[in-house]
2 protein chains.
Amino acid sequence: MTVSRALNRPEIVADDTRHKILEVCERLNYRPNANARSLRTNTSHQVGVIIPDWRNAFWIDVVSGIEAVLTGAGFQLLIANSNEQGRREDLQIEAMLSQSVDGLLIAPSDGAPSGDSLSRIDELLAAGMPLVIIDRLPAGIANVSCVTIDNESGAYKATRHLLDGGHRRIGLLAGNINLDTGQQRVDGYLRGLKERGLAVDEQLIRTAETNAALVGREVGYSSTLEFLDMDNAPTALLCTSNTIAIGAIAALQERRVQIPEEMAIVSFGDMEWTTLLSPPLTVITQPTIEMGRQAGLMLLEYLEDVPEDGHKRHRKQRRIVLEPQLIVRASSVRGAAAKTIPDD
Amino acid sequence: MTVSRALNRPEIVADDTRHKILEVCERLNYRPNANARSLRTNTSHQVGVIIPDWRNAFWIDVVSGIEAVLTGAGFQLLIANSNEQGRREDLQIEAMLSQSVDGLLIAPSDGAPSGDSLSRIDELLAAGMPLVIIDRLPAGIANVSCVTIDNESGAYKATRHLLDGGHRRIGLLAGNINLDTGQQRVDGYLRGLKERGLAVDEQLIRTAETNAALVGREVGYSSTLEFLDMDNAPTALLCTSNTIAIGAIAALQERRVQIPEEMAIVSFGDMEWTTLLSPPLTVITQPTIEMGRQAGLMLLEYLEDVPEDGHKRHRKQRRIVLEPQLIVRASSVRGAAAKTIPDD
DNA sequence: CTGAAAGCGCTAACAA
DNA sequence: TTGTTAGCGCTTTCAG
């Protein structure tokens, strides 16, 4: 039918024909079938987004950034939660390919030591699928475009801030160091210590097996209790995630440890409630929404880079690293007013 | 090809043929095209979920509940965020129908006084589309299955709790009363007062135009300041949402008002951080995940009610109302230990 | 500018 | 048990 033309490129159809068609469509409540169109054109205007944990506000913010960019450009989002399980991530990639998504935004899960989904990601790249990796960059994959946050820098800033406050023993509640993001935070902490010529006490570094929220809380709680029981307890705590901080604060409150007098505390991730605590929490804010936006924009470039020549163009790989900021509040400084530390 | 058979109903295919087929599929990295299948079978194994604000943990929890049930049953979720805008909601329903989703789960937005999406919902029902409404039930629609929370009861429990604590002037920071949920919370508050024969002071009831998170915070903040400036200020606050509570607490802290001595506070919605506040926050917990689960299960019933007779079966409408619980913490009682008030 | 024909990848129905 | 045919609703190509 000419109907298709009228709907897709109205300009090449005679005015009155077009009006007639549109009117009839309206009356019949006609709705084009997206599946048929996708089948024919091999394009779906859908983009798959795979995140490891959507109960975590961090990821929701990232997705918000992605959404702002991508739905504005006419794409629909298919959002999947891998739950930090490589197997699930794999299945979800599979499902999205079946839906013939036009592109993919993936934050790789920490699971799957099998490396299964890593090789899948390589396959995707080889096949020319528009793909941008978010936040985490597993060691195994190369030549991929990504948007990440400089975790090393964030941890370094936080550590330096605590050292500047006179702390010499800083407990590090690191998350999952199997993740590059986790390891980088440890690195930043170590750099801070090294810069001041301080020795590293391995006992002050605690890690977790996974980034799952519940586990984070539990690890924050129990590790903090262990710290408090040490002969030579730390005087400051650096929590590498919000959930860890929640557990840590719960432990401190339970033991009636004064913050910041007896224990200073800094955490990754600013939340709406961090200013409500007594004292308000010093944090390293992560540009989550911005990370999503940038990743969306980057993907969009690939998406709009139409393969006119029949097959996938060879694309330049791009990397963006976003800088986190330290926001100093009372939890880490005696009598301090809140202020933002500018970037170096 | 017989391939289709081997993949979909392996049992009706000879063993060796099947093995051969599967092996070849593996080797070629074959992936069935979901669009083609949907086109042919008119079923997509996709379910659309439309929520008003995914930056709000409330809705994310609801979606988690839905996901647990539906992905377990082999359905993929299409999640859309209407941002409380009726127009967007409308477009999203439209888009989902285009994708030929098998069913729809909708939390209607408070926008669109046009009633446009209301009539759309009626259309969907008339067309026999499996549909379950979540959390909110706009006045205009009838004969629809839904899962909601008893907001009236929640507000009533909270009010009674405060009255039992000796409070006689309770400020109500109501959200958007254009929403049935908002109005019900006001009703529960009024019932509490009435039961004790107390007069209602309209000045103590503040409402907002929308449920957007930022607005909630702002309204909580400014209304609380106004309360504090009254000659006859309330001695207790009932916040109908978390975001409102955040604003209210910020205002109280700013004015150095002692909680609960000078102002008791109760809020809807338990969050991971509510116990970290000083004092910990008394809340009405809403069974969000359970609401999602129940809605998912309800939809699943419709989905599995296969239209063998060729067209949509006339289905019984069902309604589930979930009961919220009051968790008493120190923010509403002097020197109280935390405890849960059992249902009546 | 509009119509006709073919085919995207799949499955339902029927035939072998 | 397997192969064949047709057609889901759309767009593309080629004729009119």
Side-chain angles (χ1 to χ4, degrees), chain A residues 1-46 74-76 78 94-102 127-129 303 306-312, chain B residues 1-46 74-76 78 94-102 127-129 303 306-312:
Chain A
M1 291 268 250
T2 319
V3 172
S4 175
R5 269 190 279 261
L7 262 36
N8 292 318
R9 274 165 314 155
E11 67 279 7
I12 69 161
V13 138
D15 271 20
D16 57 340
T17 325
R18 186 182 32 165
H19 284 129
K20 228 178 295 176
I21 291 178
L22 293 181
E23 192 250 329
V24 173
C25 286
E26 188 69 21
R27 193 153 47 71
L28 297 191
N29 228 300
Y30 166 82
R31 203 187 326 285
N33 180 321
N35 289 310
R37 169 178 287 170
S38 297
L39 181 56
R40 190 62 238 254
T41 62
N42 209 25
T43 172
S44 59
H45 280 266
Q46 291 189 320
F75 288 88
Q76 201 178 132
L78 280 182
E94 204 64 31
M96 288 181 172
L97 294 180
S98 279
Q99 307 287 343
S100 49
V101 292
D102 294 341
M129 164 71 65
L303 257 18
V306 200
E308 308 212 17
D309 50 350
H311 79 230
K312 314 298 163 76
Chain B
M1 292 269 251
T2 320
V3 172
S4 174
R5 271 191 279 258
L7 263 36
N8 293 317
R9 272 166 313 156
E11 67 279 7
I12 69 163
V13 138
D15 272 18
D16 57 341
T17 325
R18 186 180 32 160
H19 284 127
K20 229 176 297 178
I21 291 179
L22 293 180
E23 193 251 328
V24 173
C25 288
E26 188 70 21
R27 195 153 46 72
L28 298 191
N29 229 300
Y30 167 81
R31 204 188 325 286
N33 179 320
N35 289 308
R37 170 178 285 167
S38 297
L39 180 55
R40 188 64 238 252
T41 62
N42 210 25
T43 171
S44 60
H45 280 268
Q46 290 189 319
F75 288 88
Q76 200 180 135
L78 280 182
E94 203 65 31
M96 289 180 171
L97 294 180
S98 279
Q99 308 286 344
S100 49
V101 292
D102 294 341
M129 164 69 68
L303 256 19
V306 199
E308 310 213 18
D309 49 349
H311 79 233
K312 315 299 164 75

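Labels below follow one simple rule: chain letters A, B, ... track the order of the sequence lines, proteins then strands, and each chain is numbered from 1.
What separates CG of A:N35 from C1' of C:dG9 is a distance of 12 Å, to the nearest Å. The interatomic distance linking B:R18 (CZ) with D:dG3 (P) rounds to 15 Å, in whole Å. To the nearest angstrom, P of D:dG7 lies 17 Å from CG of B:N42. Distance CG (B:N33) to P (C:dG9): 7 Å, rounded to an integer number of Å. Rounded to an integer number of Å, the gap from CD of B:Q99 to P of D:dG9 is 16 Å. For the pair B:Y30 OH and C:dG9 P, the interatomic distance rounds to 10 Å; values are reported in whole Å. For A:L39 and D:dC10, the CG to P distance is 12 Å, given to the nearest whole Å. Following rounding to the nearest Å, A:D15 (CG) and C:dC1 (P) show an atom-to-atom distance of 9 Å.
The two residues B:L39 and A:N33 come nearest to each other via the heavy atoms CD1-ND2, 4.0 Å. Of all heavy-atom pairs spanning A:S100 and A:S44, the tightest one is O-OG, 2.6 Å.
When distances are taken from the side chain of B:A14 to each of D:dC10, D:dT2, C:dT2, the shortest belongs to D:dT2. Checking C:dC10, C:dA12, D:dT11 against the side-chain heavy atoms of A:R37 singles out D:dT11 as nearest.
The phosphate of C:dT2 has OP1 or OP2 within less than 4.0 Å of a side-chain N or O from A:T17.
DNA chain D is contacted by both B:E11 and B:R40; B:E11 maps to the nucleotide lying nearer its 5′ end (nearest heavy atom per residue). Both A:T41 and B:A36 lie near DNA chain D, and the one whose nearest nucleotide falls closer to the 5' end is B:A36.
Within 6.0 Å of CD on A:E26 lie no more than 12 heavy atoms contributed by other residues, nucleotides or ligands.
Contact check for B:T43 versus B:H45: side-chain heavy atoms found under the 4.5 Å cut-off.
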